Amino acid sequence: MKRLDFRKKSIFWRIAISSLGLILLTTVTVSLAIISFAQNLLYKDVLQSNGALLQQIDGNATNLFQQLNTVINVSDSSLYFRTLLTEPCADQLDKFQKETEIHRFLYNYYGIFTQYKACVTVLGVNGVAYTTYDGERMVCSPEELMAETWMQPAVQTPQVDTIVYTLSHPGITTVTEGKTVILFARSLVDGYTMKHCGWLFLEIDPSGLEQLYRQGYQEGEYIFLTDSLGAVISSNRADVIGTRLEDITRIPEYARGVDTPVYTCALGDTECLAVRVPLTSIDGALIKYIETHTVSDQLREVVARVVPIAVIFCVSACLVSLLISRRITRPIARLSARMASTRYGTLPVDDTANQDELYTLETTFSNLLKAVDTYTENMRRENIARREAELNALRMQINPHFLYNTLSSFRYLIENGYDRAQISEAILQFIRLLRGTISDHREVVDLQTELDNLNAYVALMNLRYEGRIRLQVLLSDEALAGRRVPKLLLQPIAENTIFHGFPESDSMIDLSVFVCELNGTLRIEVSDNGCGIDEDTLQKLRSGSYAAQQKMSGVGLNNIDQRLKLMYGPQYGLDICSTPGSGTIVTVTLPADSGQNENGGNAS
């Protein structure tokens with residue numbers, strides 16, 4: 001037989017390539033997961049640090065608005081200041097002097113005004129109109145200003161010192177005209193008389209608010225101060241001032257000690273991280289956008305550390321995988337080669353190109369199993385044939401024995417002068433018995449048929465023994481009569497009882513047959529009132545040796561026992577219990593469901 005080359009598609013290389021591919025895939029997947037996790041951590045760290053920065057800016061804005069509110073409160077609480085707004089002006093010069101006094105009064109706060117580009121406008125009920133800068137004047141009348149919607153809460157209750165504001169106003173003076181400013185308004189009220197004294201307006205140029213967050217951004221970072229609807233009021237990115245940011249409510253709000261979700265959005269064509277902090281002093285928000293590429297440098301450092309580690313791990317894992325694969329597959333390859341060299345290792349010619357060691361083992365083992373199955377089937381058939389031969393031999397053995405004893409009875413009748421009618425009756429009973437036994441080719445019959453054959457045999461023997469044989473049959477359940485039992489089961493027992501259990505020819509012969517079912521076993525007890533059997537003879541009968549010594553005397557019993565064991569197994573058979581002088585009990589045990597087909601095989 002041609003030696004096959006198992007190295008064409010070796011299982012070693014198949015396992016090795018699969019393992020290497022799995023290791024490579026796992027390494028890449030884990031590395032990408034680590035990089036993604038690191039990126040997420042970096043993003044969260046950036047958001048946390050910038051959220052804290054926005055909270056600091058919000059604190060600065062709160063301080064600014066508190067300082068401006070202090071200016072308003074100081075002005076409102078000054079009696080002299082209120083007098084300047086309520087005392088009637090005698091002429092234009094008096095009005096100018098009052099406006100100059102207001103300028104002196106507010107001069108101490110000019111540092112705040114100039115730093116944040118704030119303008120103060122004061123309107124008195126006496127017609128005094130003051131603005132911060134020389135030459136500055138209002139570009140709208142007080143009446144027009146009072147009619148604006150945002151002013152209505154204060155206009156409707158001027159006696160209450162309510163501060164109202166708008167975050168986007170086109171300006172009320174020549175300095176701020178055309179700009180989008182933050183405008184505050186406060187009704188000035190006499191604390192004693194609760195009379196309205198005038199109005200104080202504070203304009204803040206949004207570019208001045210940049211002082212609040214000038215130190216809070218770097219290149220690629222943008223801060224937006226917006227109103228509640230997302231309109232940008234102030235920003236270090238001038239091109240978006242006055243525009244509206246899309247759906248600012250989707251931007252996660254930063255809170256100290258709370259994990260801020262990572263949120264990315266687009267600013268133009270640039271992807272950015274975004275974080276939001278609500279303003280404490282006014283109805284608006286501070287929003288910061290950080291271009292994601294600004295985090296790339298830190299992320300590249302992580303990648304620079306992860307990649308070498310991943311490469312080292314991948315190479316090490318591949319080497320270990322190769323060594324383990326070789327150690328596992330080497331015995332398989334050796335076993336495959338040895339099995340292929342046996343007569344069961346023949347492979348189909350068309351499959352030789354696709355084979356490996358496992359394929360060879362599978363094919364060889366399948367061939368071996370087929371050979372074992374064939375051998376087992378042959379052995380089974382041989383056992384069946386041997387069993388049939390043994391059963392046939394036993395049947396051939398009992399038939400001459402039965403005929404010999406029966407013909408001996410005929411001889412006895414003739415020699416003792418029985419008339420022709422009695423001999424004719426004996427022959428008729430003999431013919432009936434032959435029809436139910438020897439002429440019936442079935443191996444098993446129902447119990448009732450076997451009992452009928454027994455009755456026919458006893459009737460035949462009663463001709464010789466002059467009616468001294470009495471037979472009694474008792475079934476614990478009438479349904480037991482339909483159970484299947486081997487043919488010629490009870491007749492040989494009765495025959496041995498009659499011929500060997502009663503040496504005195506004139507004694508009465510009582511035969512009793514009792515049938516019952518116990519624990520799945522059919523028990524048939526045949527008892528007699530004969531002379532019994534001594535213990536030595538009983539032991540020889542049980543071992544089968546006595547039949548060989550005494551020729552025909554024990555053939556029937558031994559034959560029954562062997563047939564039962566052959567048909568049903570060694571746990572079934574025949575048992576003899578006897579007491580000398582008291583009789584003998586022969587017990588037959590066989591399966592309660594011992595149905596057989598007519599050819600002698602077990603019924604399925």
Side-chain angles (χ1 to χ4, degrees), residues 380 383-402 436-438 440-454 457 473 475-476 480-497 500 511-528 533 538-548 552-578 584-604:
R380 187 184 70 84
N383 288 333
I384 292 175
R386 186 182 299 110
R387 175 178 168 275
E388 290 293 333
E390 291 176 355
L391 286 173
N392 288 332
L394 290 172
R395 283 195 292 268
M396 295 299 292
Q397 182 185 47
I398 200 169
N399 288 340
H401 181 265
F402 162 66
T437 55
I438 297 176
D440 190 343
H441 297 290
R442 293 178 298 173
E443 176 65 24
V444 294
V445 295
D446 55 74
L447 180 60
Q448 186 60 54
T449 299
E450 185 66 13
L451 291 174
D452 291 342
N453 292 334
L454 178 61
Y457 179 74
V473 178
L475 276 67
S476 64
L480 297 176
R483 296 297 174 86
R484 307 285 283 175
V485 298
K487 184 177 64 176
L488 284 175
L489 178 67
L490 301 178
Q491 184 273 331
I493 298 175
E495 182 179 348
N496 273 276
T497 299
H500 303 289
L511 289 179
S512 297
V513 179
F514 174 68
V515 183
C516 67
E517 183 178 340
L518 180 64
N519 297 328
T521 301
L522 186 65
R523 295 175 60 89
I524 304 175
E525 294 182 357
V526 181
S527 59
D528 63 68
I533 306 172
L538 189 61
Q539 291 297 328
K540 292 178 179 179
L541 279 173
R542 287 171 178 169
S543 64
S545 63
Y546 187 75
M552 304 297 291
S553 62
V555 168
L557 298 181
N558 188 49
N559 184 286
I560 294 172
D561 186 58
Q562 291 184 40
R563 279 196 295 147
L564 290 174
K565 285 179 166 52
L566 276 174
M567 294 174 70
Y568 305 119
Q571 66 271 35
Y572 300 103
L574 186 144
D575 184 56
I576 304 173
C577 294
S578 182
T584 302
I585 299 176
V586 179
T587 302
V588 178
T589 57
L590 63 156
D593 55 349
S594 58
Q596 303 280 329
N597 58 39
E598 293 187 359
N599 294 325
N602 289 333
S604 59

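Small disclaimer: the values here were computed from a predicted structure and weren't measured. Positions are given from 1 along the sequence.
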Task: Set of side-chain hydrogen bond (donor to acceptor under 3.5 Å, both in side chains) partners for Glu517, sequence neighbours left out - done: Arg483
Task: Residues which pass side-chain hydrogen bond (donor to acceptor under 3.5 Å, both in side chains) with Ser578, listed by chain and number, not counting sequence neighbours - done: Thr584
- [ ] Search all heavy atoms of Asp446 against all heavy atoms of Arg484 and return the closest pair with its distance.
- [x] N-NH1, 3.6 Å
Task: Reported CG-to-OH distance for the pair Leu511 and Tyr457, which is rounded to 0.5 angstrom - done: 10.0 Å
Open item on the list: Just by distance, no angles: are the side chains of Thr449 and Asp452 close enough, under 3.5 Å, to form a donor-acceptor pair?
Closed with: no
- [ ] Take Leu488 and Ile560 through the test side chain to side chain contact (heavy atoms under 4.5 Å, CB included) and record every step on the way to the result.
- [x] CA-CA 8 Å; Leu488 284 175; Ile560 294 172; over 6 Å; no
Task: Heavy-atom pair with the smallest gap, counting every atom of Ser476 and Cys516 - done: OG-CA, 3.3 Å
- [ ] Specify the closest pair of heavy atoms between Thr589 and Tyr572, including all atoms of both residues, with the distance to one decimal.
- [x] O-CB, 3.4 Å
Task: Leu590 CG to Lys565 NZ distance, which is reported to the nearest 0.5 Å - done: 12.0 Å
Task: Residue pairs, two or more places apart or on separate chains, that pass salt bridge (charged side-chain N to carboxylate O under 4.0 Å, His left out) and touch residues 566-575 - done: none
Open item on the list: For the CD atom of Gln491 and the CG atom of Asn496, what is their distance to the nearest 0.5 Å?
Closed with: 9.0 Å
Task: Donor-acceptor pair, side chain of Glu450 and main chain of Val445, under 3.5 angstrom - done: no
Task: For the student: nearest non-hydrogen atoms of Val515 and Leu480, plus distance - done: O-CD1, 3.7 Å
Open item on the list: Using 0.5 Å steps for rounding, measure from the CG atom of Asp528 to the OG1 atom of Thr497.
Closed with: 4.5 Å
- [ ] State the CG-CD1 distance between Leu447 and Ile524, to the nearest 0.5 angstrom.
- [x] 5.0 Å
